[in-house]
Amino acid sequence: MKVAVIGSGGREHTIIKKLKESAKIDEIFAIPGNGGMSEATLVPIPVTEIDKICDFAKENKIDYVVVAPDDPLVAGMVDALNGVGIPCFGPNKAAAIIEGSKVFSKNLMKKYGIPTAAYGVYNNIEEALEYVKTAPLPTVIKADGLALGKGVIIAETRKEAEDAIRSIMEDKIFGASGNNIVIEEFLTGPEVSVLAFTDGKTLVPMVSAMDHKRAKDGDMGLNTGGMGTIAPNPYYTLDVAKVCMDEIFIPTIRAMEKEGRTFKGCLFFGLMITENGPKVIEYNCRFGDPETQVVLPLLESDLFEIMLSCTNGTLDKCEVKFKDAAACCVVMASEGYPQKYQSGFPITVDSDIEATVIYAGAKKDSDTVLSAGGRVLGVSAVAPDLKAAIEKAYKETEKVHFENAYKRSDIGARALKALN
Ligand code: AMP
Ligand code: GLY
C-alpha cells in the first residue's frame with residue numbers, strides 16, 4: 001500500500017519510522033516532510049494546501065493518509081480526502097474542534113462533568129478586563145482558537161492579565177483565534193501527557209509521557225515546542241490511570257459521540273495531577289510533539305494495523321501492546337531558539353549510534369543534511385528503565401554533530417526524582 005503522512009516535524013518522522021516496520025506498506029510519502037526523512041519520498045506541498053494535497057493523493061493513487069498536524073485537521077483535511085475516496089487517520093473537522101476551539105472543549109467538559117479548571121468565556125473585552133480586576137492570581141488566559149501553541153498566557157499580576165487580554169482581543173496577536181477568550185483557574189501539580197488511539201467507541205491509551213517545554217535547565221527560560229520527553233511518566237500511577245480512564249477518557253469520547261462529533265484518530269489528553277485528582281488542561285486532536293518521539297518507539301504492535309482499525313471502527317479487535325521499558329528523547333536545537341538562531345549547518349551522525357535520530361528542522365542539500373530550524377532533531381533511546389533510557393539518550397547525543405547545537409541537560413531529571 002501507498003501511505004502519505006502530512007507534516008514535517010519530529011512527530012511525523014517518528015510516525016514514518018514506525019509505519020516503515022509494517023509489512024503492508026510499500027511506499028511512504030511525506031507531505032512536505034523534511035530533509036532528514038530518508039525513509040520517505042518528499043512531496044513539497046504545504047500542509048494547509050488541502051486541494052493540492054487531495055489532487056496529489058488521487059493522481060498518485062495513495063491508499064491511506066495520516067494527517068498529523070493540528071492546522072490541516074482543524075481545517076477539514078480529513079473530510080476533503082474522504083470526499084475523494086481516500087481513508088485517513090485523524091478526526092474530521094467536526095471532531096477536531098476539540099483542539100480547534102478552547103471555548104468548545106471547556107463547554108464540553110462542563111456539560112459532561114469532565115474535571116477541568118473552572119473558567120469563564122469572554123467575547124467582550126470590557127467584561128474580561130472587569131473580571132481580572134478581582135480574579136485570583138495567577139490567572140490563565142487562553143485564546144479560543146489555534147495560536148501556534150502560544151495561545152496560553154499565565155498572568156502573575158493584574159497588569160499582565162490586562163495586557164494579555166488587550167493583546168489577544170484588541171491587537172489580535174493571534175488573529176481571529178482571539179475573538180473569544182477563556183479565563184481559567186490556575187491549577188498546580190505535575191503534568192502528564194496521555195495519547196490515546198480511538199475509533200470513536202473504543203479508546204486505548206498509549207504509554208504516558210512527560211514533556212519539557214521550557215528552553216533552559218530547571219524548567220527556566222522561554223516556552224518552546226518541547227525540549228525533550230520521557231515515557232512512561234512516573235506521576236501517572238495505576239490509580240491515576242484508572243481515574244483518568246473512567247472520569248476523563250471514556251466520558252470524553254462518549255460526549256463527542258453524543259454531540260454528533262465522533263472522534264477517530266489520536267486524542268491527546270494534557271493532564272494535571274492536582275490535589276483534587278487529575279484534570280484536563282487541554283485536548284489535542286493529534287499525536288503530541290515531542291511525546292510521539294518516546295511513545296511510538298515503545299509500541300510493539302503494528303502501528304498501521306492500529307491506525308486502520310481506528311478508521312474502520314474495529315479497534316476493539318486490534319492488538320495494541322507496549323514494551324515494558326522506558327524511553328527518553330533529547331531535543332538538539334539551534335543555540336538561541338526559541339528566539340534568534342542561526343542554521344544551515346551540516347549534521348553528521350557517527351555510524352555506531354545506538355539511538356534513533358529523529359529529524360525535525362532539517363533540510364537536504366544534495367547529499368548533506370543541514371540544520372534548518374529551531375528544533376533540529378531529537379535523539380530517542382529505549383532502555384529497560386527510565387534511568388538507563390536517559391543515560392543512553394544523552395550518551396548518544398554525543399554522536400550527533402552540528403554547529404551551534406544546544407540541548408537541555410536535565411531531560412527526565414524531575415521524573416527520576418519522582419521515582420525515587
Ligand atoms: P497549552 O498551550 O494549552 O499546552 O498550555 C501550555 C501550558 O500552560 C500547559 O502545558 C500548562 O503548563 C500551562 N497551563 C495551561 N492551563 C493551565 C491552568 N489552568 N493552570 C496552570 N497551568 C496551565
Ligand atoms: N507537546 C504538546 C503538543 O504537542 O502540543
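Whatever order the structure lists ligands and atoms in, that order sets their numbers, starting from 1. What's counted below: heavy atoms across the whole structure, side chains too, no hydrogens, waters or symmetry copies.
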Contact (N/O only, under 3.5 Å) between Val140 and ligand 1: no
Has Lys150 got any heavy atom lying under 4.0 angstrom from an atom of ligand 1? no
Nearest non-hydrogen protein atom, atom 10 (O) of ligand 1: Glu191 OE1, 2.8 Å
Going by the order shown, which atoms of ligand 2 are within less than 4.0 Å of some heavy atom of Glu291? 1 (N), 2 (C)
Would Lys159 and Glu162 pass as an ion pair if we require N to O under 4.0 Å? no
Quick test: of every protein heavy atom, which one is nearest to atom 17 (C) of ligand 1, and how far off is it to 0.1 Å? Ile281 CD1, 3.6 Å
Contact between Arg286 and ligand 2, counting heavy atoms under 4.0 Å? yes
What I want to find out is whether Lys321 reaches Asp302 closely enough, with some N-O distance under 4.0 Å, to be called a salt bridge. no
Do Glu12 and Tyr359 have side-chain atoms, one donor and one acceptor, less than 3.5 Å apart? no
If you count the atoms of ligand 2 from 1 in the order shown, which ones are under 4.0 Å from a heavy atom of Gly288? 4 (O)
Considering only non-hydrogen protein atoms, determine which one is nearest to atom 2 (O) of ligand 1 and report residue, atom name and distance to 0.1 Å. Val152 CG2, 3.3 Å
Within 4.0 Å of some non-hydrogen atom of Asn284, the atoms of ligand 2 are 3 (C), 5 (O)
